[in-house]
Each structure stands twice: as C-alpha cells, then as structure tokens.
Amino acid sequence: MIRLLARLDRLDRRWLYLTLVVAVAFPLFVDVKLPSRMGHEARGLYDAIERLDSKSIVLVHSDWDAGTLGELKGQFTAIIAHLFRNNIKFAVISAIPQGPAFSDEVVDRLAAKYGKKYLEDWVQLGYRIPTSNISQGIQSLSKDFRGTAPTEIRENRDIRTIPWMAKVSNCGDFDLLVSVSYAPYLEYIQFGYEVYGTPYVAGVCSISTTNMYPLMDAGQLKGMLVGARGGAEYEGIMGLPEYDAQMKAAERERKTRWSDLSYATKVIKSQSWAHLLLILGAIAGNIGAWARMKEEGKKGK
Amino acid sequence: MTPRRRLALVIWGVVVVVLLALGIPRWVAYGYAEIGVWVAALSTLAIFSFLYQENAAYRLAEHLMLGTSIGFAIGATITDILRPNWWVPMVQGFETLLRSPGGSAEFWGAAGAIFFGVSAGVIGLLWYGLFHPKTLWLSRLVMGIVMGGGAGLAIKQQFVLNVPQVTASFKSPIVLNDVGGLDAAASINNTIFLVALLLTINFFFFSFDHSRRVAEWAQGLLDRFPVGLRWVPALVFMLFSGRFWLMLAFGVFFGNTVMTRLSVFIERVWYLVDTWARPLFSGVPPVGQ
C-alpha cells in the first residue's frame with residue numbers, strides 16, 4: 001500500500017495537465033448549476049451604475065484581450081448590458097492596440113440585443129492611451145479629453161459633433177469612470193476622482209484584487225468585479241445566463257453558432273472543477289510525499 | 001530510427017491526414033473565417049506542446065506571437081495615437097498659419113500647435129540616441145524628463161492615493177447600528193482588522209531584533225519593577241504574529257494568482273474544444289458566419 005501511495009509522489013506532471021484539460025472542458029458537455037451570490041464588491045459597481053440616469057454619460061476603459069479574456073470578457077459584457085438596459089450613453093476607450101477589436105465584438109452583439117445605435121447610444125474612441133505610458137496618457141485624458149481622443153474611430157467624426165459628447169472636455173464631464181483591465185488604473189482615482197469627483201469603478205483580474213481592498217475601504221474605488229467570479233455574479237443579476245440558454249436552444253436548431261453573453265458564468269464552472277482537481281492534487285501529492293518518506297525510512301532501516 | 005520514433009511519426013502522420021480531411025472542405029466552404037480558427041487552434045496547440053517538452057513547434061508559435069503583436073502595436077500606435085494626436089494637429093497648424101493674418105488669435109493658436117508638435121517630435125527622437133555611443137548623452141536628456149515627470153506623479157500619488165487609505169484604517173472596534181444597538185458582525189470585522197494592522201506594522205518595526213531573546217530582555221526590564229507578571233509569551237506572540245497575517249495575505253495573493261492563470265487556460269481549452277473541434281464534427285459554421 002505504501003509503495004502504491006509513494007508512486008503519487010513520482011507521478012509525471014503531464015498526467016496532471018491532461019486531467020486539468022478534461023476538468024475544465026467538462027462543463028462544456030455537462031451543465032452543472034452552481035449557486036451565485038453577489039458580493040459587496042460587485043454590488044458597489046452595480047449600485048454605481050444604478051445611481052445614474054438616462055442623461056448620464058460613462059467612460060468605459062476596455063483593456064482586455066486574448067490574455068485576459070477568460071476573466072474580463074464576462075465582466076465587460078455584463079457592464080455594457082447594464083448600461084444599455086438603463087439607457088445610459090457611453091464611450092469606449094483603450095490603452096492596448098488590440099482592445100477595440102475585442103470590445104467591439106461584445107458591444108455590437110449587445111447593441112443588437114437592446115436595439116441601440118452607434119453614435120446615438122455609444123461611441124468607440126479606439127486605442128488612444130499609449131501602452132508604454134499609461135499614467136501620463138490617463139492624466140492627459142483627464143485634463144484634455146478632446147485633445148487626447150479627438151475623434152471616434154468608425155466614421156472618424158470629431159467628438160464635438162456628437163451631441164451627447166459635445167460637452168465633454170475633461171473627466172469631470174463624465175458621470176462615471178469604468179475600467180475593465182488586468183489591474184485597476186489608479187490614475188483614474190488620482191486624476192479623475194480626486195480632482196473632479198467623478199466616481200471610479202473597475203473590473204479586474206483576480207490576481208490584482210488583493211491590494212485593491214484598501215482603496216474600496218477608503219471609498220476611492222466605488223465597486224470592483226473580482227475576476228470571473230465578479231463577472232458571473234454580475235451576469236446573474238443581469239439575467240444573461242437565462243438569455244444565453246434561450247439563444248443556445250434556438251440557434252442550435254438553426255445549426256448556427258450560439259451566443260455567449262454569459263461567458264463568466266461558464267468560466268466559473270470550469271474554474272470550480274479545476275480548483276477541486278488542484279485541491280485533490282495537493283492532497284494526493286502530500287500523501288505521496290509522506291508515503292515516499294516512510295518507504296525510504298523503511299529501506300534505511 | 002528507433003521503433004518508438006517510427007510509431008510516433010506514424011501516429012502524427014495519421015493525425016495530420018485526418019485533420020486535413022476534416023479541415024479542407026471547411027476551408028473551402030467558409031474561407032478566411034475558418035482558416036483563422038485553424039491558425040489560432042494550431043498556434044494554441046503548438047504553445048501547449050511545451051507542457052510535454054520543449055520543441056520546434058513551440059518556438060515557432062512563440063516567435064510568431066511576438067512578431068505579430070509587436071508589428072500590430074507599432075501599426076496601431078502610428079494610426080491611432082501618433083497620427084491623430086501629433087501629426088494631424090501639427091500639419092493643420094502649418095496650414096492655418098499660412099492662411100491666417102499674422103498676430104491674430106488663430107495665428108498664435110496654430111503657432112502653438114506647431115511649437116508643441118515639433119518639440120514633441122524632437123524630444124521623442126532623442127530616445128534614438130541610445131543606439132550610438134557618441135549620441136548616448138542625448139537620450140539621457142529625454143530620460144531625465146521622463147524620470148522627473150514620473151517622480152512628480154509618484155509623489156502626488158503618495159498623497160492622493162495613500163493618505164485616504166491611512167485615514168480609512170482608523171476604524172472603531174465598536175460599531176453601532178441604525179437603532180443604536182451593537183452591530184456585532186461589523187465590530188468583529190473592525191477588531192480583526194485593527195489587530196492585523198497593528199501586528200503587521202509591528203512586524204515591520206526593524207529597530208530591534210525580532211527574537212525571543214528580545215522578549216526576554218524586555219521581561220528583564222519589567223522584572224526590575226514589582227509588577228510580578230510574565231509578559232514574555234505575549235511579547236513573543238506580538239513579535240511573530242505579524243508574520244502570520246502576512247502569510248495569510250500571501251496565501252490570498254497566491255489563490256488569486258491561480259484563479260487568473262486558470263482562467264487563461266480555461267479560455268484556450270474552450271477555444272480548442274468549442275470553437276475548433278466541436279464544429280468539425282457537428283457541422284456548425286465558424287464564429288462570425
């Protein structure tokens with residue numbers, strides 16, 4: 001028995017990788033319902049948007065791409081769905097070159113769902129903040145919005161010619177600043193919230209959240225979505241998983257691709273299976289190490 | 001060639017033939033949309049092959065990724081940032097300057113745009129001084145500007161970001177609810193927070209050695225007075241428990257790191273299974289069709 005257990009310690013790590021692939025792909029084939037409850041971080045973000053009215057305008061800084069899609073796509077989808085649902089106009093901006101391509105796909109799909117039109121309800125300002133110099137870029141955007149993002153990118157129209165954007169000259173002219181990125185942009189607190197008083201909320205990857213809680217405590221960050229969990233909580237409140245289930249059934253009949261507006265809800269299921277596997281792996285590894293030590297002790301005697 | 005290597009080659013050959021048999025009809029039917037899915041899927045598999053062992057396919061995919069992302073970033077920076085924010089205002093400035101009467105507000109506005117545009121161009125070009133020993137000093141000028149600006153921002157950040165956090169950490173261990181009763185949950189939370197805060201700060205108090213010897217020395221001082229109490233365990237606890245809270249925080253950091261890394265992996269596995277493999281067998285069109 002001890003010899004058998006000791007083999008766990010010498011298990012080729014590639015078997016673990018293979019099991020992990022199976023574990024994360026499992027929810028794609030078997031739908032398991034997991035309960036979801038909105039945490040206080042996501043509640044803060046939800047309330048910040050709920051406090052706005054249809055005359056409000058929001059700046060959405062979207063910096064997610066293939067590397068962070070797993071955690072941030074769901075967050076971004078739920079936030080945009082919320083803005084559209086509440087008839088709040090918004091401008092999307094990015095500090096990574098590939099940002100607009102990723103955000104456009106989601107916003108266009110949601111615009112079709114909610115019957116919203118480009119330029120009337122939202123604009124894409126594109127990649128305007130240099131990746132290499134985000135601090136100065138956001139500072140510049142906060143003080144001189146028109147100088148930093150003079151035109152939208154689809155029709156190359158001057159933002160002053162878009163009626164609801166015409167009054168925007170700095171970050172104080174927005175009613176809410178939102179960022180969806182790997183880590184929160186503290187510059188929005190430094191140059192947006194502290195200077196103009198515009199509240200700031202953020203959707204971030206789990207890895208960046210731990211040291212953001214003091215900012216929430218101090219009221220500098222009004223709300224935060226924590227990785228895929230935050231996205232799943234928000235999607236749940238927005239009713240996107242139910243909508244997705246309806247679309248999936250209808251589109252499967254037509255043999256077309258189904259929509260994925262509840263991405264984070266699905267990610268969190270895979271993540272739960274993967275976490276379970278990692279916990280079992282850690283226990284098995286420790287048992288293996290204990291058995292090996294015991295086995296070596298016997299041989300020593 | 002060893003029998004094992006021969007077997008591996010045969011297996012790979014069969015896999016490639018099957019993939020081509022499944023893929024070619026779809027490439028013809030759906031064109032670039034399907035070819036794009038295949039490029040992404042095969043690149044992902046090439047990167048994942050590193051988990052088995054280092055190989056040429058992994059290195060190829062790695063170089064492709066670096067090359068395309070850098071190329072894309074350069075192109076996007078020129079078209080989305082430099083052109084609208086630097087080149088167009090400067091050129092418009094020249095056009096306005098030539099047609100407006102000298103001394104007018106429009107004239108001086110255009111002159112300002114040209115001045116800022118040319119200055120930014122010249123200062124930006126100084127970075128390229130790095131590439132030759134004789135011009136290296138030029139790059140130090142622009143480096144000084146960037147570092148000065150960065151230092152200024154950092155100092156401001158200390159006040160604007162950190163001071164509100166310090167004041168927010170002054171929490172009362174007793175919290176009353178709306179009707180004047182004790183809010184037990186909030187009180188416990190705040191008490192834990194205060195204990196953790198004080199003990200962690202204590203851990204970073206480096207003016208004396210954090211060891212049992214110091215606690216015993218402190219006890220020796222106390223023993224000179226007729227207190228009659230043994231404080232050593234309490235002092236040792238205080239000296240070491242900061243480490244406990246720090247380890248707790250590091251555990252949270254690590255857990256969150258695992259979550260983020262897993263999400264990246266999950267997204268790629270899904271892409272392979274749901275966007276690439278499943279349509280091959282179910283006959284649904286690729287994404288975007």
Side-chain angles (χ1 to χ4, degrees), chain A residues 13-14 17 20-21 24-25 28-29 66-71 73 96-98 100 126-131 133 135-136 139 147-151 153 182 186-187 189-190 194 205-211 214-215 217-220 226-229 252 255-257 266-267 270-271 274-275 278, chain B residues 40 48 51-53 69 72-77 79-81 84-85 88-89 146 149-150 153 156-157 160-169 171 193 249 252-253 255-270 272-275 278-279 282-289:
Chain A
R13 70 181 188 283
R14 286 173 289 199
Y17 297 151
L20 199 58
V21 170
V24 301
L28 284 173
F29 300 99
T68 48
L69 191 149
E71 287 198 293
K73 184 183 177 184
I96 53 171
Q98 60 275 35
Y127 167 52
R128 298 294 189 185
I129 303 162
T131 314
N133 221 344
S135 284
Q136 277 85 347
Q139 184 180 19
T148 313
T151 55
I153 60 165
Y182 183 79
L186 303 183
E187 290 80 7
I189 295 174
Q190 205 173 338
E194 297 290 352
C205 287
S206 310
I207 195 170
S208 316
T209 53
T210 316
N211 43 3
L215 292 165
D217 233 16
Q220 296 164 303
V226 180
R229 171 172 75 82
R252 199 182 268 163
K255 266 211 159 183
T256 56
R257 295 290 306 172
K266 288 187 281 183
V267 169
S270 283
Q271 219 166 44
H275 287 173
L278 292 182
Chain B
F48 278 175
L51 295 174
Y52 188 75
Q53 63 180 39
S69 57
F72 185 67
I74 291 171
T77 305
T79 56
D80 292 359
I81 293 178
N85 292 0
V88 171
V146 171
L153 284 176
K156 186 185 175 192
Q157 195 174 27
V160 175
L161 281 178
N162 295 351
V163 171
Q165 289 175 47
V166 173
T167 50
S169 66
K171 291 172 189 276
F193 175 87
V252 176
F253 270 111
N256 280 328
T257 305
V258 171
M259 272 177 84
T260 293
R261 301 293 178 241
L262 266 177
S263 301
V264 180
F265 181 68
I266 288 167
E267 190 275 321
R268 279 297 88 190
V269 170
W270 278 12
L272 289 175
V273 176
D274 203 36
T275 309
R278 185 138 77 173
S282 62
V284 295
V287 176
Q289 289 284 303

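All figures in this text were calculated on a predicted structure; none of them were measured in a lab. Every chain is numbered from 1 and lettered A, B, ... according to where its sequence line falls, protein lines coming before strand lines.
For Q271(A) (side chain) and M259(B) (main-chain N/O), a donor-acceptor pair under 3.5 Å exists by modelled atom type. With hydrogens and angles ignored, the 3.5 Å screen pairs a side-chain donor or acceptor of T260(B) with a backbone N or O of S206(A). Looking at R128(A), its side chain does come within 3.5 Å of a backbone N or O of T151(A) through a donor-acceptor pair.
Atom-to-atom distance recorded for E267(B):CD and L69(A):CG is 4.5 Å, nearest 0.5 angstrom. Interatomic distance, CG of N256(B) versus CZ of R229(A), reported as 8.5 Å (0.5 Å rounding). Distance check: H275(A) NE2 to L262(B) CG gives 5.0 Å after rounding to the nearest 0.5 Å.
For a residue to count as touching a neighbouring chain, one of its non-hydrogen atoms must lie under 4.5 Å from one of that chain's; by this rule F265(B) touches chain A with the side chain only. Q190(A) touches chain B through backbone and side chain together, each having a heavy atom under 4.5 Å away. Using a 4.5 Å cut-off between heavy atoms, V269(B) contacts chain A through its side chain alone, with no backbone atom that close. When heavy atoms are compared at a cutoff of 4.5 Å, E187(A) does not approach chain B at all. Heavy-atom distances place the side chain of R261(B), and not its backbone, under 4.5 Å from chain A. For K156(B), the parts lying under 4.5 angstrom from a heavy atom of chain A are both the backbone and the side chain. Contacts of S270(A) with chain B are made by both backbone and side-chain atoms, with heavy-atom separations under 4.5 Å.
Between chain A and the residues V264(B), V273(B), L51(B), the largest count of heavy-atom pairs under 4.5 Å involves L51(B). Of the listed residues (I207(A), L186(A), N133(A)), the greatest number of heavy-atom pairs within a distance under 4.5 Å of chain B belongs to I207(A). Put simply, of E194(A), Q220(A), Q139(A), R13(A), the one with the most heavy-atom pairs under 4.5 Å next to chain B is Q220(A). Top candidate by heavy-atom pairs under 4.5 Å with chain B, chosen from Y182(A), Y17(A), Y127(A), is Y127(A). In terms of heavy-atom pairs under 4.5 angstrom with chain B, the leader among L278(A), D217(A), I96(A) is D217(A).
The nearest pair of heavy atoms linking P214(A) to T210(A) is CD-O, 4.2 Å. Scanning both residues, I81(B) and I129(A), for their nearest heavy atoms gives CD1-C, 3.8 Å.
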